[in-house]
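Everything on this sheet refers to the single structure shown next.
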Amino acid sequence: MLDKTFDPQSVEPRLYAKWEASGVFAPKDDPGAEPYAIVIPPPNVTGSLHIGHALNNTLQDVLVRFERMRGKAVLWVPGTDHAGIATQMLVERQLAESGNMGRRDLGRDAFVEKVWEWKAKFGGNIVRQLRRLGASCDWSRERFTLDEGLSVAVRKVFVTLHKQGLIYRDKRLVNWQPELQTAVSDLEVANVEVNGSMWRFLYPIEGEPGRFIVVATTRPETMLGDTAVAVHPGDERYQDLVGKQVRLPLVGRLIPIVADDYADPEKGTGAVKITPAHDFNDFRVGQRHGLEAINILTPDAKLNENAPEAYRGLDRFVARKKIVADLEALGLLDGVDPNKMMVPYDEKSKLVIIEPYLTDQWYVDAKTLAQPAIKAVEDGRTVFEPKSWERTYFEWMRNIEPWCVSRQVWWGHRIPAWFGPDGAIFVEETEEAALASAQAHYGHAEALIQDEDVLDTWFSSGLWAFSTLGWPEQTKDLARFYPTSDLVTSFDIIFFWVARMMMFGLHFLDEVPFHRVVFNALIRDEHGQKMSKTKGNVVDPLELIDEYGADALRFTVVAMSGQVRDIRLSRQRIEGYRNFGTKLWNAARFCQMNGCVRVEGFDPASVRHVQNRWIRGEALKAARAVTAALEAAQMEEAAGALYRFIWNVFCDWRLELAKPVLAAGGEAAAETQAMTAWTLDLILRLLHPIMPFMTEELWEKTAEAGPPRDSMLITAPWPELPDSYADEVAAAEMALVIATISEGRSVRSELNVPVAAKPPLLVTAAGPRERRVLEENAEAIRQMLRVSELRFDAADAGAVPFLAEGASLALPVAEFIDLAAEKARLAKEVAALAGDIDRTAKKLANPDFVARAPEEVVEENRERLAEAEAAKERLAAALKRLEGFS
RNA sequence: GGACGCGUAGCUCAGCGGGAGAGCAUUCGCUUCACACGCGAAGGGUCGUAGGUUCAAUCCCUACCGCGUCCACCA
């Protein structure tokens, strides 16, 4: 006998171990099986599972389990990302906290060694947590973006792109993170609106004492690096000044006034100071006019030796204050206004202000790589789900900028470039090759120094779709599973990751990396707040799993996954779906208690009892709906269909209606038992992708009676039911029955719209009082129920009216004869009907409607009116009769 | 400044041209022999606002208001 509730704590680990040990997570060998592959979005190796991972990986697991049951050779490649900067920072912090030497004191090799140690110790955390979720990844193929095979792929890609001219070294402005002292890409910069100030300074015109030009700036300290002032060529105010020079205050340098379209006469004073080394726009202006770019900052954003001595060594913000004060003292401060502006912060911490900084870095020619990637989505070789994200993708890809891929950190793929003594660069996959190449270049052996920089983490994760399959080796996995089938990911990494994988995949394998990209929404807390550690509103999925079980969490995130907007997760919601699981569990318990055991060779096509023919049709509908939803990656639709079928159809109606039949015994009971067991089996299979643990457990438990199982549920075949399972006659009869019994005995239900699926008012055994009332009022009840005959079964304490047609349905009535309530309800029905009739009649009286609406709509309304009138009459009559009873 | 999305019951959300829905919460009644993580019932909505298209609009169009996200070089 099953317990009253399912115990996830004890069952989940056992079942997961059983699955994993059995090898079913690996793709099956059958060469005839259609391949289906997903590569996991690799979580940061430093991370622990957050709720977003739970959503993302559950969705993948649902697809994976579904396709596995459909008989495909399914591969879900797991792995983790080395997450260069994030991991390095984390380990640095750990070292500091435990009183160790800092990174720089430790030195590069020792530090990297520490990181590897850290990874060995804690890197398994997140993959263990994925197991708790139930993720059926093939752990034998687990990868790490910094493992040996992937390093080979990274070097090969870098070298190849370099030889093709698609990776190059360039000196230009980058986004500089002064705290870490590394370049970051455009994507790693977050512009945040802040209330700042705009200062206006007077720059004296050289040779015209007493004449000034007024420039405005939000970053006064940059004026030390000014090498020009620009005005618009058409700006009449400054016509005579173009070509003249100003004497840069505090510095004393003479700088030209140039005419450039960039200067907007509408903005500020119309004259703009140009600092080519510290502003992206100014850099371009500087290039156009051949201006010098004077770098005034050190790598940690202090003023350097190019600044006047008074400012050297000052932090940029300290210098800012001093410069403003000094200019004011000189009478050169024209004024200051409050100014709302966007300030570039470091995307991760949002604490450090990014500085435009002039350095040598490696760049990927993203513009060239983007072209095939754009085309592939235009052609539909890769489709986005939902499709609306394609626009975002196109927008970015069509305006893509060179991608800065070098980072001045230590944890990551070291760039395979070596410098000769004269600065010549040798880009090769190995040091040996670089040395050979240098020898050829110089005519003799030369010592080389490898580039200190590492690659952007996204460079290696951009190769993930094929590097994990063994590329550049031509492995069996690569041949079989590339291009992969689906990618399931969050839209916030569409540029970081999806776009880069598209570019690399198409460039190196000439095929898209995946056929479909399924985007999932972001999860917030129940008040719509972003989850963050500082707010303390982070929901730990592991805690939720402990409390409610993995299945409940999985069902919840799946059921909410369809949202376009962000998902607001609440515990109540999870609790509700935990209850849903319990409901199913107890349905199985009911089956067990009532001898609903699987029967060898049972064929649902052969059932005769109307309830059984009906549930067979309902099962068909449910199976269809779930299958279609999962094929379309509409996981939430599948969850909804299952919820309704299991609770509202199977539990509320099928099992309730089966009770009297089962109690009566005989042939009908035997058939009903077998059919119920069959339906439960079907439910377990359909639900398994979303709630794998409970269903597998029930699969095991129900194997104890009846014929032996062929396999675990995880590899049981997905149900494919024949059309012939539908039975319109049974469906119509049951719709009538359900409509009649249920509260929805209104016109709506009777008009045979989809069954309202409200729980029935049923008691299997009526007490003596009900029995008497039923017998006394048989005729009224018969009319109310619209059954042609009402018979009472002496063997049963309850009343059992039969439908005339086939007389096959045992329908327990009983206790709804609470006359007062019944009368009130009927009166209300009648009133509601009157409203319906009125509305419909009005509509039909409208000549425009009759003339112009589609024929079937008019017809439908006519029928509705007729039936409503008939129903009203019927109910009114029943009401009248009931009035005689009290 | 551009783009996208969202405003439907107290809350979280489905629905998206012809009858306003679910779960939770609330109120009432049930320890009925699968399930109190349950069963039955009740209350609760001018479907953001204003126009337009249509015989018909929560659903389509326009504008506006509110909220959110992404992108952008504005001194």
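Lettering of chains follows the sequences in order, A, B, ..., and the numbering in each one begins at 1.
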Can you check the distance between B:rA75 and B:rG15, where both ends of the measurement are the P atom (answer in whole Å)? 42 Å
Return the pairing partner of B:rG21 with a 3.5 Å limit on both distances, Watson-Crick or G-U wobble; otherwise return none. B:rC13
Sugar-phosphate, base or nothing in reach of A:M341, heavy atoms under 4.0 Å: sugar-phosphate
Considering only atom C1', compute the distance from B:rU54 to B:rC61 and round it to an integer number of Å. 12 Å
Closest to the A:A853 side chain: B:rC39, B:rG18, B:rA75? B:rG18
What contact category does A:R219 fall into here, base, sugar-phosphate, or nothing, at under 4.0 angstrom with non-hydrogen atoms? nothing
When you compare B:rG17 with B:rC24, how far apart are their P atoms, in angstrom units rounded to a whole number? 29 Å
Euclidean distance, A:Q592 CD relative to A:L2 CG, rounded to 0.5 Å: 4.0 Å
Under 4.0 Å, counting only non-hydrogen atoms across every strand here, what does A:A263 touch: a base, just sugar-phosphate, or nothing? base
Using both distances under 3.5 Å as the test, list the Watson-Crick or G-U wobble partner of B:rC30, or none. B:rG38
Of the nucleotides B:rG38, B:rA75, B:rA34, which one has an atom closest to the side chain of A:N579? B:rG38
Complement of B:rG45, any strand, by Watson-Crick or G-U distances under 3.5 angstrom: none
Any donor-acceptor N/O pair, A:N175 side chain to A:E355 backbone, under 3.5 Å: no
Work out how far the C1' atom of B:rC47 is from that of B:rA20, and round it to whole angstrom. 8 Å
Considering every strand and a 4.0 Å limit on heavy-atom distances, what is the contact class for A:C651: base, sugar-phosphate, or nothing? base
Using the benzene-type ring in the case of Trp, are the ring centres of A:Y393 and A:F384 under 6.0 Å apart? yes
Could you tell me the separation between the CG atom of A:L680 and the P atom of B:rC35, rounded to a whole number of Å? 16 Å
Which residue lies more 5' along RNA chain B, comparing A:R578 with A:D848 via nearest heavy atoms: A:R578
Please lay out, stage by stage, how A:I213 and A:V231 fare under the test side chain to side chain contact (heavy atoms under 4.5 Å, CB included). CA-CA 10 Å; A:I213 189 165; A:V231 297; 4.1 Å; yes
Round to the nearest Å and state the distance from A:E656 atom CD to B:rA34 atom P. 9 Å
Describe, in one word, how the ring planes of A:F580 and A:W647 are oriented to each other, choosing from parallel (under 30°), tilted (30 to 60°) and perpendicular (over 60°). parallel
Tell me, please, whether A:F394 has A:R391 positioned over its six-membered ring: NZ or CZ under 6.0 Å from the ring centre and within 45 degrees of its axis? no
Quick check for you: among B:rC4, B:rC39, B:rG18, whose closest atom lies nearest to any side-chain atom of A:R391? B:rC4
What's A:G549 touching, base or sugar-phosphate or nothing? Going by heavy atoms closer than 4.0 Å. nothing
So what does A:P854 touch, heavy atoms closer than 4.0 Å: a base, only the sugar-phosphate, or nothing? base
If you check the A:R864 side chain, which of B:rG23, B:rA75, B:rG19 turns out closest? B:rG19
Nearest to side-chain heavy atoms of A:M560, which nucleotide of B:rG18, B:rU12, B:rA25: B:rU12
When you compare B:rC35 with B:rC4, how far apart are their C1' atoms, in angstrom units rounded to a whole number? 46 Å
Round to a whole Å and report the spacing from CZ of A:R571 to P of B:rC24. 17 Å
Pairwise P distance for B:rC6 and B:rC60, with rounding to whole Å: 10 Å
Watson-Crick/G-U partner (both atom distances under 3.5 Å) of B:rC4: B:rG68
Pairing partner (Watson-Crick or G-U wobble, both distances under 3.5 angstrom) of B:rU58: none
Rounded distance in Å between the P positions of B:rG21 and B:rU58: 14 Å
Gap between atoms CG and P, on A:N586 and B:rU31 respectively (whole Å): 19 Å
Over how many whole Å does the gap from A:F590 atom CZ to B:rC33 atom C1' extend? 11 Å
Once you apply a heavy-atom cut-off of 4.0 Å, does A:K4 come out as touching a base, just sugar-phosphate, or nothing? sugar-phosphate
Measure the distance from CH2 on A:W396 to C1' on B:rG2 and round it to the nearest whole Å. 18 Å
Base, sugar-phosphate alone, or nothing: which one does A:D264 contact when heavy atoms must sit under 4.0 Å apart? base
With C1' as the reference atom in both, quote the distance from B:rA42 to B:rA25 in angstrom, rounded to an integer. 14 Å
Using a 4.0 Å heavy-atom cut-off across all strands, classify A:N339 as base, sugar-phosphate, or nothing. sugar-phosphate
Would you indicate what A:T217 reaches in the nucleic acid, counting non-hydrogen atoms under 4.0 angstrom: base, sugar-phosphate, or nothing? sugar-phosphate
Would you kindly give the CE-to-P distance between A:M342 and B:rC70, to the nearest whole Å? 10 Å
Apply side chain to side chain contact (heavy atoms under 4.5 Å, CB included) to the pair A:I374 and A:R398, showing each step before the final yes or no. CA-CA 8 Å; A:I374 292 169; A:R398 286 172 183 148; 3.9 Å; yes
Quick one: does any side-chain atom of A:N846 pair with a main-chain N or O of A:D848 as donor and acceptor, under 3.5 Å? yes
Looking at the side chain of A:F495, which of B:rC70, B:rA34, B:rC37 is the nearest nucleotide? B:rC70
If only side-chain N and O atoms of A:N191 are considered, is one of them under 4.0 Å from the OP1 or OP2 phosphate oxygen of B:rC71? no
Residues, nucleotides or ligands: over 12 heavy atoms within 6.0 Å of A:Q287 CD: yes
Using whole Å, report how far CD of A:E188 lies from P of B:rC70. 15 Å
Using a cut-off of 4.0 Å on non-hydrogen atoms, how would the nucleic acid contact of A:W199 be classed: base, sugar-phosphate, or nothing? nothing
Can you tell me if the side-chain N/O atoms of A:K583 get under 4.0 Å from OP1 or OP2 in B:rC39? yes
Between A:N846 and A:T582, whichever has its closest RNA chain B nucleotide further toward 5' is A:T582
